Amino acid sequence: MKKIKIVANWKCNPGTLKEAKVLFNLLTSELKKNFLILKDVETIVCPPFLYLPFFVFQVKNLKHYNLKFGAQNCFWEEKGPFTGEVSPLMLKNLGCQYVILGHSERRQILKETELMIGKKIKTALKAKLKPILCIGESLEEKKKKKTFQVLRRQLKIVFPEISKVIIAYEPVWAIGTAMPCPPGEAQKILFFLKKFSEKSKILYGGSVNSQNCKEYIKVGFDGLLVGSASLIPKEFVQILKNATNEI
Ligand code: PGA
């Protein structure tokens with residue numbers, strides 16, 4: 001039976017460490033309760049950098065619950081005069097295993113370019129972190145029928161190491177909009193992406209909830225990237241449970 005990966009992208013939430021600890025404790029107690037059902041799911045929690053140390057240090061006690069940690073970004077150098085940056089080496093040394101890179105919010109708001117994302121992927125791999133590369137077309141690109149062209153361009157930066165990278169297909173128009181990509185449409189993209197690398201794990205992200213999650217697993221995705229629903233522990237664990245039913 002394959003193991004699916006479900007990523008909780010907390011984005012820039014919550015506002016206090018106290019709230020973050022409550023959220024994390026609720027999540028882990030749900031995971032413990034459902035341990036047997038969830039044995040085929042790897043849960044990857046990606047909180048803001050600042051909260052990571054408080055959770056990562058507990059991971060030894062949580063080893064049996066398939067719980068891993070990731071960051072939402074990293075820099076492309078290991079250390080040095082780069083004010084405000086966090087390196088993959090630091091994340092790895094802290095106990096993280098994953099890092100989300102190229103999220104559309106960073107591409108759009110922070111003006112991250114493909115060149116920057118490519119360098120980040122390389123350094124993350126060198127630090128033995130597993131990069132989760134987010135790719136996806138905007139609504140405008142979709143309307144102009146440029147989806148495949150955009151995805152091809154966004155993927156180019158990970159060659160020849162594509163098989164070491166987890167790819168998250170996140171159509172920009174489906175993120176935070178309550179308008180998820182119809183599973184049949186997402187499956188066409190999945191087949192397209194698989195052509196580049198049979199070995200890469202491919203996740204779906206964009207308005208995933210406990211109702212629609214199973215459809216993406218059913219059509220063949222290797223997991224999910226969950227944003228807003230990951231901030232509601234009960235809903236998030238329901239996603240884990242429902243998605244597991246479809247493996
Ligand atoms: P969403 O976010 O689930 O809130 O749409 C997904 C993401 O941005 O990773």
Side-chain angles (χ1 to χ4, degrees), residues 4-15 19-20 23 27 41-49 51-52 68-74 96-112 117 120-121 124 129-142 147 150-151 154-155 165-183 185-186 189-190 193 200-217 219 221-243:
I4 56 170
K5 292 179 190 291
I6 302 198
V7 184
N9 178 11
W10 287 9
K11 306 194 181 185
C12 193
N13 297 294
E19 287 171 285
L23 191 57
L27 171 65
V41 186
E42 186 177 55
T43 309
I44 303 160
V45 181
C46 303
F49 285 132
Y51 304 146
L52 270 168
K68 304 279 161 60
F69 292 95
Q72 299 170 18
N73 177 38
C74 69
C96 280
Q97 274 131 319
Y98 292 88
V99 59
I100 299 173
L101 290 171
H103 192 283
S104 64
E105 285 152 13
R106 297 200 60 85
R107 292 180 195 256
Q108 287 181 341
I109 305 165
L110 281 301
K111 304 290 172 229
E112 274 193 16
I117 300 162
K120 290 178 179 203
I121 300 250
L129 279 180
K130 291 179 195 155
I132 302 167
L133 172 67
C134 300
I135 58 170
E137 79 287 3
S138 67
L139 188 58
E140 205 186 325
E141 289 161 340
K142 179 180 162 63
T147 300
V150 169
L151 296 178
Q154 291 177 333
L155 271 185
V165 175
I166 297 160
I167 295 160
Y169 171 57
E170 294 209 301
V172 181
W173 48 271
I175 295 177
T177 57
M179 280 189 355
C181 181
E185 206 177 301
I189 307 287
L190 173 70
L193 297 174
S200 301
K201 298 271 179 221
I202 301 181
L203 318 182
Y204 169 78
S207 297
V208 171
N209 58 36
S210 60
Q211 300 302 307
N212 61 29
C213 60
K214 45 187 176 298
E215 300 304 324
Y216 299 101
I217 305 302
V219 299
F221 281 92
D222 302 297
L224 302 161
L225 205 164
V226 186
S228 50
S230 72
L231 294 167
I232 311 162
K234 258 204 157 34
E235 169 72 358
F236 183 66
V237 175
Q238 198 57 49
I239 292 176
L240 301 179
K241 287 198 219 166
N242 291 354

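As the structure lists them, so they are numbered: ligands from 1, and atoms in each ligand from 1. Small disclaimer: the values here were computed from a predicted structure and weren't measured.
Although no hydrogens or angles enter the test, the distance criterion places a donor-acceptor pair under 3.5 Å between the side chain of Glu141 and the main chain of Ser138. Put simply, the side chain of Asp222 gets close to the backbone of Ile202: a donor and an acceptor are under 3.5 Å apart.
Counting the atoms of ligand 1 from 1 in the order shown, those under 4.0 Å from a heavy atom of Leu225 are 9 (O). Taking every heavy atom of His103 and a limit of under 4.0 angstrom, the matching atoms of ligand 1 come to 7 (C), 8 (O), 9 (O). Taking every heavy atom of Asn9 and a limit of under 4.0 angstrom, the matching atoms of ligand 1 come to 9 (O). Taking a cut-off of under 4.0 Å to the non-hydrogen atoms of Gly206, the atoms of ligand 1 that pass are 5 (O).
Residue contacts with ligand 1 do not include Ala229, since none of its heavy atoms lies under 4.0 Å from the ligand.
Not a single N or O atom of Val226, backbone or side chain, sits closer than 3.5 Å to an N or O atom of ligand 1. The shortest N or O to N or O distance between Thr177 and ligand 1 is not under 3.5 Å. Considering backbone and side-chain atoms together, Gly176 places an N or O closer than 3.5 Å to an N or O of ligand 1.
The two residues Leu27 and Val237 come nearest to each other via the heavy atoms CD1-CG2, 3.9 Å. When every heavy atom of Gln72 is checked against every heavy atom of Arg106, the shortest pair comes out as O-CD, 4.1 Å.
Of the inter-residue distances, the one linking Gln238 atom CD with Gln211 atom CD reads 8.5 Å to the nearest 0.5 angstrom.
Using modelled atom types and a 3.5 Å distance limit, the side chains of Glu140 and Trp173 yield no donor-acceptor pair.
If you check which protein heavy atom lies closest to atom 3 (O) of ligand 1, you get Gly227 N, 2.9 Å. Ranking protein heavy atoms by distance to atom 9 (O) of ligand 1, first place goes to Glu170 OE2, 2.8 Å. Of all protein heavy atoms, the one closest to atom 4 (O) of ligand 1 is Ser228 N, 2.9 Å.
Contact check on Lys142 versus Glu137 returns no salt bridge, with no Lys/Arg side-chain nitrogen under 4.0 Å from an Asp/Glu carboxylate oxygen.
Residue Ile175 touches ligand 1 through backbone and side chain together, judged by heavy-atom distances below 4.0 Å.
By the 30° and 60° cut-offs, the orientation of the rings of Tyr216 relative to Phe221 is perpendicular.
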